[in-house]
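To find a chain, count down the sequence lines: A is the first, B the second, and so on, and within it residues start at 1.
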Amino acid sequence: MNYVRMFFKDKKILVGATILLTMVFVAIFARYIAPYSPHYMGFTPLESPSFKHILGTTATGQDVFSRVIWGTRMSLAVGLLVGLFTTVISVILALISGYFGGIVDNVISLFINVFLVIPPLPLMIVLAAYMPSRGMWTIILVITVTGWAWGARTLRPQIMSLKNRDFVKASIIVGESSFHTIFIDILPHTLGLIVANFFGTAMYAVISEAGLEFIGLGNVNDISWGTILYWAENDQAMFFGLWSWLLVPGILIALLGTSMALMNFAVDEIINPKLKGEKNG
Amino acid sequence: MKYILNKTAFFFITLWVAITINFILPRLMPGNPALAMIARYKGRISIQALHSIEVAFGLNIHQSIFQQYFSYLDRTLTFNFGTSLVYYPSTVAEEIAIHMPWTLGLMGITTVISFIVGTLIGIRAAWKRNSALSSSSVVISLFLNSVPYFWIALLFQYILGFVLGWFPISGAYSLIQSKGINMIGSIIYHAILPASTIFITSMGGWILTMRNNMIDELSSDYAIFAYAKGLPEKRIDYNYVARNAILPNFTQFAMAIGFIVSGALLTEMVFSYPGIGYLLYQAVIGLDYPLMQSLFFFITVSVLVANFIMDMLYILIDPRVRVE
């Protein structure tokens with residue numbers, strides 16, 4: 001259980017996990033933290049930050065702070081769900097491809113490489129623009145479709161090399177089923193990579209979501225950090241000097257993204273100790 | 001030889017996939033999205049233009065899906081993308097030609113600079129792994145890597161453009177000083193904010209990948225041997241290790257071409273910079289599917305071509321692929 005100890009001793013993970021858990025906390029208890037309803041439109045519009053409205057009000061007289069608090073939910077949900085879905089897809093494909101090899105492997109590898117080369121942002125935009133409905137699930141679908149390939153690409157060689165290790169070969173010779181070999185012998189050894197990959201794509205999802213919503217490809221009536229920025233830009237928050245409306249959601253997106261990137265990087269370092277400070281030889 | 005054949009086959013397969021995505025997507029969606037677009041533009045554009053859109057999206061015509069597909073392939077491969085709706089009556093090809101130079105100039109130059117600077121910092125950071133430079137560059141790069149591009153753009157626009165008034169907030173050149181040398185100055189002046197946005201946000205990625213590649217290479221036998229032999233550190237790092245470590249970065253650079261051509265879309269949008277990204281944004285908000293489709297096609301083809309060129313260059317820069 002050395003890994004677990006390393007996991008908690010690592011400063012990067014500590015910082016990353018603290019940010020992430022704080023946001024999860026805020027998302028769960030948004031109802032109690034936000035001072036007003038995020039939908040209520042009765043305040044004086046376009047007010048600068050004050051004691052009553054910490055981050056000011058929007059052009060339609062909504063409290064920015066309350067919207068930011070409630071927005072945590074969707075931004076976090078999209079990041080974590082996309083992380084989960086892409087990880088499941090890439091693990092399944094990498095396992096099939098790496099374990100069975102042969103023609104199956106060739107076909108899947110080709111598929112992975114094709115998706116890696118097609119530029120993701122334009123594909124996301126085109127996909128989202130064609131979608132009949134807009135909203136959280138559309139965004140999750142679009143980012144998942146465009147974002148799974150990288151994980152599959154990093155996992156596949158790992159599984160291929162594990163398959164040729166003696167302990168796995170022994171398990172095959174003893175006559176264990178493919179199911180047993182794959183899930184009991186191989187999968188646990190790729191856990192580090194899988195976790196790193198989860199945080200990597202979750203970060204990618206958080207940023208992509210914000211971008212799509214900022215262009216207006218989300219549902220503009222949803223409350224998330226991306227749509228708050230969409231309205232700030234559309235209602236010209238800048239020209240009214242409402243810096244808090246414009247800057248705070250962006251800082252939060254960056255923080256959430258960084259927390260996931262930190263954990264991705266730290267898990268990477270645990271799997272590959274070379275990346276850490278120590279010099280060789 | 002096998003390598004070249006493989007890469008060429010891959011190029012054509014991916015090209016085919018990209019073209020086919022454009023064909024399938026609108027037909028796959030419930031209630032063909034092109035219908036909404038046609039309803040929106042009825043009366044504003046000519047009957048012929050409307051009809052050509054109906055043909056392109058498989059509406060109101062009695063052709064089998066295969067006939068539609070082949071006529072679509074024919075139109076795509078002859079670069080006949082039809083008329084733009086947002087910029088009616090310009091054709092899609094004309095609009096792309098107008099906007100392309102801006103993106104290439106701004107994004108192309110900035111990406112190359114950011115690649116060079118980021119890679120150099122990455123080499124240094126790997127070399128002095130325990131230095132302040134190394135650890136701070138990792139944390140800063142991680143942060144920059146996870147900041148949304150468009151938000152840095154907003155930040156710069158607000159602070160440097162709006163509050164301090166040092167740089168213009170939007171556009172690519174001033175409409176007043178539009179002659180000779182003044183024009184060039186004005187173009188550079190307008191490019192500074194969007195360029196620094198791209199520079200700052202894209203550099204982090206280059207630093208991180210280069211640092212990690214370097215560290216991997218530094219622990220390989222030949223590097224350890226070179227140390228043991230007492231070669232000067234500079235020579236080991238730059239002449240031997242960096243040359244190997246940079247290979248994966250070249251591949252990534254080819255991928256970044258897609259980023260250049262999609263014009264750091266959101267940055268161009270924030271600064272209303274008249275490049276390809278801005279054009280794509282206009283296509284999206286105006287439901288201009290023909291323009292959107294051809295931009296997707298165009299951007300993807302650029303990436304594929306860049307990748308293919310890079311794969312071929314690999315034969316020159318990495319002798320290992322020649323052996324197979």
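- Looking at Phe10(B) and Val117(A), their side chains come closer than 4.5 Å, going by heavy atoms from C-beta outward.
- Ile118(A) has its side chain within reach of Ile21(B): a pair of non-hydrogen atoms, C-beta onward, lies under 4.5 Å apart.
- The shortest distance between side-chain heavy atoms of Val17(B) and Phe115(A) does not fall below 4.5 Å.
- If you measure heavy-atom distances from Val147(B) to chain A, the contacts under 4.5 Å come from both the backbone and the side chain.
- For Met131(A), the parts lying under 4.5 angstrom from a heavy atom of chain B are both the backbone and the side chain.
- Looking at heavy atoms from C-beta onward, Phe150(B) lies out of side-chain contact with Glu233(A) at the 4.5 angstrom threshold.
- For Asn22(B), the side chain to side chain contact (heavy atoms under 4.5 Å, CB included) partners two or more places apart in sequence, or in a different chain, are Tyr72(B), Gln293(B), Phe296(B), Phe297(B).
- Proximity of Phe214(A) to Trp151(B): side-chain heavy atoms (C-beta onward) are nowhere separated by under 4.5 Å.
- Listed by chain and number, the residues in a side-chain hydrogen bond (donor to acceptor under 3.5 Å, both in side chains) with Gln158(A) amount to none (sequence neighbours excluded).
- If you take OG1 on Thr14(B) and CG on Leu110(A), they are separated by 7.0 Å, rounding to the nearest 0.5 Å.
- Neither the backbone nor the side chain of Ile152(B) has a heavy atom closer than 4.5 Å to any heavy atom of chain A.
- Interface check for chain B: of the options Ile251(A), Asn264(A), Ile253(A), the most heavy-atom pairs under 4.5 Å are formed by Ile251(A).
- A 4.5 Å side-chain heavy-atom check between Leu295(B) and Pro122(A) finds every atom pair outside the cut-off.
- Here Leu266(B) contributes atom CG and Ile215(A) contributes atom CD1; the two are 5.0 Å apart, rounded to the nearest 0.5 Å.
- For Ile159(B), no part lies near chain A; criterion is any non-hydrogen pair under 4.5 Å.
- Phe265(A) is listed as a side-chain neighbour of Asn212(B), based on a closest heavy-atom distance under 4.5 Å.
- Heavy-atom pairs under 4.5 Å with chain B peak, among Leu256(A), Leu247(A), Leu255(A), Ile125(A), at Leu247(A).
- Here the closest heavy-atom approach between residue Ile299(B) and residue Pro119(A) is recorded as CG2-CG, 3.8 Å.
- Only the side chain of Ile13(B) comes within contact range of chain A, judged by heavy atoms closer than 4.5 Å.
- For Ile103(A), the CD1 atom sits in a loose shell: 12 or fewer heavy atoms of surrounding residues, nucleotides or ligands are nearer than 6.0 Å.
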